[in-house]
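The next block holds one structure in the form of structure tokens; read it before the comments.
Numbers restart at 1 for each chain; the letters A, B, ... are given by sequence-line order, proteins then strands.
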Amino acid sequence: MTIGLSLYDVGRTFGTTIAVQDVSLDIQPGEFVVLIGPSGCGKSTILRGLAGLDTEFDGRITAGGQAITGPSRERGVVFQEHRLLPWYNVAKNMMFGFDGSQAERKARLTEMLSLMHLEKFVDSYPHQLSGGMAQRTAIARALAPLPDVLLMDEPFGALDAFTRIEMQDALIDVWQKQRTTAVLVTHDIDEAIVLANRVVVMSAHPGTIKTVIDIDMEYPRNRTSERFSELRTLLLEQFLDSHHS
Amino acid sequence: MMTSTLTAARRRAERRADGASTSAPTTPDRSRRSFRRNAPLGWILPVAIIVIWYILYETGVINPTLFSSPVQVIEALIESMLTGAFWENFLASATRWIVGFLIGASLGLVLGSITGLSRLSERLLDTTFQMLRTVPFMGLVPLFVIWFGLGEMPKIILISFAAFFPVYLATYAGIRDIDRKLIEVGRVYELSTFRTVKDIVMPGALPSILQGIRLALGVAWLALVIAELNGANSGIGYWMQQGREFVRVDIVIAALLVFAVVGKLVDMFVRMLEQRLLGWRDNLAKEM
């Protein structure tokens, strides 16, 4: 089952700093939304709120109509660092959040390994993996328990440009197959256009939504197409604007 | 410099991961190779010392009443082994050491976990332990002798006391130093407290705990010698004491040799244990 997410007049202050102010957003079930903006715009703060890792918000944050009071297995989280447990191999890390019988576990593991093209590395330890492979394992870990929502905080930020493109394509593939609602935070404009149904552009100090842009392109998206360039320009204008205002 | 080392290591890791057939952990193989490569080097110095010692004795440079030859030491050792006296003493020492260590280390592990995991226990107990820690355990010998006499009890308590603190401190520090980000992963998957401790806290603290155990084994060994030199009627320390009374330098040196060899063997055992339990670590030292 896929569910939607909603934010109603959400605000968050840290001491005297207003990190997020008056943010309202409806994310449809199965939708891929990308939050983009300069550092300090509160995009990661919002993601932590959706994950339930931070509950000190004003306003209301709901998942499937229910207020979020804490983390849940129904909302998988991928962090910027892979955060794999170094003492477990790929198989154990991938199935870390999965509850089920031995047979179900095995079936799900096989499925995730082939989805992420990591069959050969099932017994490897995190330190033996490249950055891209480790992050693929982390995404598989988040997806293994069949969450309704996948939340990602700059998941490809630490990867090199080529690996990042590879990972974006892999993510779209996985998202289309798993049909989860996805929210991804990034500061990479191309990444936003490749992935999102809708791009939410945020501005900083205080963190607010500046504008929301629909990406009207078919998946998989051609990075060299004309429409892509137009959208890039459009977003860049918004981005620069939000940066200067 | 540091960065380039790390980059090289990462590249190596990637190359390892990219080659499908080598993706299986290669650690055991590599450690065996490094053992073969490194172990003999470490033994050069001890062997050289024994050879020089032998030469000095044979050429008459050292006074034979103050210092025996290595041959005499080995003879004394073999003789006592054949009469069984050595094994009796060795067994007595080993028993004290193991029992004392197990008591001290278990208490250290349990109390270190408690203070590491709970802020309240930390505030309640840590000050006491930090104060006790600074008490030199040798200073407790006279007190223990007054309290418990010359039996097994004071010796085992002394050894436990010595073994407790390295394990306590290492467990406490190991738990406190765990990456908060990994704890957060546990929260995301709604792990129970038990599973968080089992899957994240304990494996994360294990390197530190094992280091504490290694230290504790050494300190317990030291405490054993001290306990046995201060009124005992069995044990390697007692044997050494006898050697002193009868001015048998060969026996005193033989006893010291036993202490050194056993200490080294135990250290090797713990290192092996470390390699087995911590195989998941990206150990740069192992690769170089």
So, the part of Glu119(A) with a heavy atom under 4.5 Å from chain B: the answer is neither
**Report entry** Salt bridge present between Glu122(B) and Arg119(B) (N-O < 4.0 angstrom)
**Finding:** yes
Quiz item: Can a cation-pi geometry be assigned to Arg12(A) and Phe14(A), taking NZ or CZ under 6.0 Å from the six-membered ring centre and within 45° of the ring axis?
Solution: yes
Honestly, the part of Ile200(B) sitting under 4.5 Å from a heavy atom of chain A is both
request  = Answer with yes or no whether the side chains of Arg105(A) and Gln102(A) bring together a donor and an acceptor at under 3.5 Å.
outcome  = no
Interface check, chain B: of Gly97(A), Ser72(A), Gly76(A), Ala51(A), most non-hydrogen pairs under 4.5 Å belong to Ser72(A)
**OP:** Fit a plane to each ring of Phe129(B) and Phe164(B), take the angle between them on a 0 to 90° scale, and name the class: parallel (under 30°), tilted (30 to 60°) or perpendicular (over 60°).
**Re:** tilted
Okay, Phe79(A) and chain B: the region with an atom under 4.5 Å from a heavy atom over there is side chain
Contact list (residues 111-118 of chain A to chain B, heavy-atom gap under 4.5 Å, by number) returns none
Quiz item: Between Phe32(A) and Trp175(A), what is the ring plane arrangement, given parallel below 30°, perpendicular above 60°, and tilted in between?
Solution: perpendicular
Give me the ring orientation class for Phe165(B) and Phe161(B): parallel if the planes are under 30° apart, tilted from 30 to 60°, perpendicular past 60°. perpendicular
### Query
Does the side chain of Asp126(B) pick up a donor-acceptor pair with the side chain of Thr115(B) at under 3.5 Å?
no
Honestly, the part of Asp199(B) sitting under 4.5 Å from a heavy atom of chain A is both
**Message:** Under 3.5 Å, is there a donor on one side chain and an acceptor on the other for Asp99(A) and Tyr189(B)?
**Reply:** no
